[in-house]
Amino acid sequence: MKRKGVFLLLMMTVTILLTSCWSKKELTDLAIVSAMGIDETKDGRFHITLQIINPGNVAGGMQGGGGGQSPPITIYSASGDNIVEASRRASDRISRRLYYAHTNLVVVGEKLARKEGLNTLIDGLDRDPEFRNTSTLVIAKNSTAADLVKTLTPVDKIPANKVLKTLEFTERKWGENVKTSLQEVMKSIESPGRGAVVSGFRLVGNPQQAQKLDNLQESAPGATLRASGIAVLKQGKLVDWLYGKPARGTVWILNKIQGTDINIDWAGKKEAIAYQTVRQKTSVSAQVKNGKLHISVHTRVEGDISEMEAPVDITNPKVITKIEQSLRKEIKKELRIAIERAQKNKTDILGFGEVVHRTRPNQFKKLKTEWNDVYFPKLDVDITVEAYVRRAGLRNKSFLSGVKENQK
Amino acid sequence: MEKAKISASQLFILMVLFELGSALLVPLAIDAKQDAWLAILLGMVCSFILLLVYHKLYTYYPDLLPTEYMQRILGKVLGTVLAFVYILYFMYDASRVLRDFGEMLLTFAYPDTPLFIANALLMLVIIYTIRKGIEVIARSGELLFIFMYVLAVGGFILIISSGLIEIKNLQPILEEGLFPVLKVVFTQTLYFPFTEVIVFTMIFPYLNNPKKAKVTMLCASGLSGINLIITMLINVSVLGVDLTERSQYPLLSTIESIQVANFLERLDVFFMLALIITIFFKICVLFYAAVVGTASLFKLKSPSRLSYPLGLIILFLSITIASNLQEHNYEGLKVAMFTIHIPLLGIIPPLLLLVAFFKNRKKHEENTFN
């Protein structure tokens with residue numbers, strides 16, 4: 001009996017120990033950081049801006065009070081000689097412990113990216129066990145990271161989410177932007193003879209206006225955030241911005257295009273037929289021809305016709321073949337523009353060096369050190385495109401061809 | 001020796017868990033860059049030769065512990081000294097693995113907890129298990145083995161389905177030729193983790209079907225080898241060589257990268273669970289071997305009584321062997337490898353076999369002569 005009592009006592013003491021609350025973090029003591037902006041101060045130190053979620057205001061939503069609410073996020077900022085110092089220093093203005101496990105977005109100011117580069121930032125973020133290197137990295141175009149992080153956004157109340165979702169959807173539907181995680185950027189900066197691409201984001205409108213709740217009271221907010229271009233990094237430093245065709249061509253060669261829209265001319269009319277891609281596959285390979293390195297880019301794309309602004313009769317397969325041919329030309333042109341731009345920048349963002357490294361390691365060893373500046377810009381690149389039209393929506397002939405026939 | 005019996009399948013499970021142990025945790029064979037998997041494969045194949053040596057020694061003395069047959073082979077004094085050295089090795093290895101466990105826990109999840117507390121909590125459980133004997137260890141192994149594989153297969157499917165694998169990262173194969181790979185094989189993978197199973201020679205006498213020992217041993221090494229190869233292939237193809245090389249715990253980073261459909265993410269807890277299971281068994285087996293060996297060497301009747309003192313030694317050793325993680329890793333890969341692993345696992349057993357072979361032949365001849 002006595003033994004049983006001792007045993008019971010032991011069990012109870014052990015239970016207290018088993019709650020293991022040594023490194024406990026109470027939810028009410030955490031400040032959940034949703035986004036972090038990194039800028040440079042005038043004297044060359046780091047300035048971080050932290051976007052912290054106000055839990056009550058996110059859950060309650062707009063139905064609750066209407067006007068006069070507090071915003072869903074609060075901004076704190078601090079500076080320091082490195083990111084860890086700045087983050088620790090920020091604790092003198094926040095009543096809670098900064099919690100980085102849910103930081104999905106890191107914004108780097110354009111000035112910092114251009115002058116200092118990303119290389120010095122990465123280690124601190126990558127090393128921290130709490131911070132995830134799957135979080136998305138974005139460069140703030142034309143503004144400081146602070147302005148971008150401070151902006152309030154409609155629909156998605158947490159601005160970090162708005163940025164992430166925008167990148168995700170535009171990458172899937174339009175393809176002029178990429179969503180790049182810290183890990184991906186790190187890998188491509190590290191890879192021998194390779195430049196990196198990072199998504200760009202821009203604040204449109206007045207930064208002062210953007211931080212106010214009033215901004216959200218309008219149906220067309222005066223200040224908004226939008227994905228804007230692709231930043232080209234050479235050795236971690238921003239050297240160029242890509243927009244439009246070069247941007248899309250780059251994404252295409254990186255085999256990241258999911259869906260986009262390509263227009264071709266038809267019967268003298270500019271951009272008459274819109275073609276939407278459904279799936280594509282791009283592969284890059286390296287050969288040696290006459291002792292010279294040679295890169296071949298091959299892409300195969302399938303998709304549908306989604307709009308025809310000219311009277312086209314696609315019931316005839318020959319017409320489809322013709323459309324496919326002009327599509328090939330159009331896509332080839334776009335890829336060519338992207339490659340030429342990269343060569344002009346002397347930055348191998350397309351990963352050609354990696355292909356050479358993989359398939360011809362011995363040869364690449366000699367080229368490695370001067371790949372970006374000497375060999376890459378002079379590279380011969382072959383582009384072959386296979387484009388297929390598979391379907392054309394609910395109708396066959398264009399509406400315009402009906403109009404044309406009946407009005408004769 | 002306690003009066004216990006384990007079956008061949010239990011031995012198999014213990015061996016697999018043992019070899020996965022801390023080898024899953026570290027960037028194994030990463031000195032061979034993207035050919036790490038090849039180094040593990042070759043290490044496994046080469047280890048089979050040494051495993052057969054260990055097994056041959058066992059067939060000469062099927063009922064004796066290595067600590068006992070060393071005395072038969074080398075004579076009383078030299079044999080006792082050597083047996084003692086092996087016991088020390090088992091304890092040192094156990095404390096290294098315990099340290100690995102503590103460092104993993106502290107680095108990843110409990111930065112504010114002292115190392116001693118983390119290690120002591122695991123060690124208490126292990127001491128308790130050791131007191132219960134080898135049969136209990138083997139049975140709990142069976143139970144947790146299934147759990148471990150459910151985790152592993154689940155993780156594998158998630159990594160594949162989140163599209164993280166880039167086979168490109170594994171190319172070019174043999175960039176610097178075969179030499180760097182062989183160097184890694186003979187200075188690392190052959191010993192850690194494959195021939196570390198020498199500790200199982202302390203457990204073979206408990207086997208209820210001694211004939212199956214050889215097959216079981218080779219199969220277990222094969223399975224764990226394949227698992228380690230797959231793990232390293234996935235690590236390198238997800239993270240790339242440079243990041244894997246820089247990672248303290250590459251498998252953790254790989255699992256952290258999983259993001260399926262925007263909600264299946266941050267699965268690192270499962271990594272911890274799997275690692276705690278395998279590390280638990282690795283320490284258990286090493287510790288058990290040390291306990292049984294000490295008991296037989298000093299002719300103690302109940303080995304389980306030794307579990308508290310020896311357990312405390314391992315616990316304190318695990319704290320004092322290094323002042324930081326880097327020193328700990330350096331010792332493991334550079335110092336202990338050449339001064340402890342290679343002589344004790346690669347050189348002494350074949351020599352023992354040679355002596356045993358001549359001794360037994362002589363005995364055999366005498367027998368036939370009479």
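So you know, we letter chains A, B, ... as the sequences are listed, proteins then strands, and number each from 1.
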Would you please test Glu176(B) and Lys365(A) for side chain to side chain contact (heavy atoms under 4.5 Å, CB included) and show each step?
CA-CA 11 Å; Glu176(B) 310 279 333; Lys365(A) 229 175 270 169; 3.9 Å; yes
A quick test of your reading: do over 12 heavy atoms of other residues, nucleotides or ligands sit less than 6.0 Å from [atom1] of [X]?
X	atom1	value
Gln235(A)	CD	no
Lys33(B)	NZ	no
Arg305(B)	CZ	no
Tyr100(A)	OH	yes
Lys165(A)	NZ	no
Lys256(A)	NZ	yes

Nearest 0.5 angstrom please: [X] [atom1] to [Y] [atom2], how far?
X	Y	atom1	atom2	value
Arg246(B)	Arg127(A)	CZ	CZ	8.5 Å
Thr134(A)	Leu164(B)	OG1	CG	9.5 Å
Lys187(A)	Leu239(B)	NZ	CG	6.5 Å
Leu243(B)	Asp126(A)	CG	CG	6.0 Å
Glu256(B)	Arg132(A)	CD	CZ	4.5 Å

Examine whether an atom of Glu175(B) lies under 4.5 Å from a heavy atom of chain A, and if so say whether it belongs to the side chain, the backbone or both; otherwise answer neither.
both
With respect to chain A, which residue among Thr107(B), Asp268(B), Leu252(B) yields the maximal number of heavy-atom pairs within a distance under 4.5 Å?
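Top count of heavy-atom pairs under 4.5 Å with chain A: Asp268(B).
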So, the part of Asp128(A) with a heavy atom under 4.5 Å from chain B: the answer is neither
Heavy atoms, side chains only, cut-off 4.5 Å: are His357(A) and Lys168(B) in contact?
no
If we define contacts as heavy-atom pairs under 4.5 Å, which of Glu354(A), Glu130(A), Gln183(A), Arg360(A) has the most with chain B?
Gln183(A)
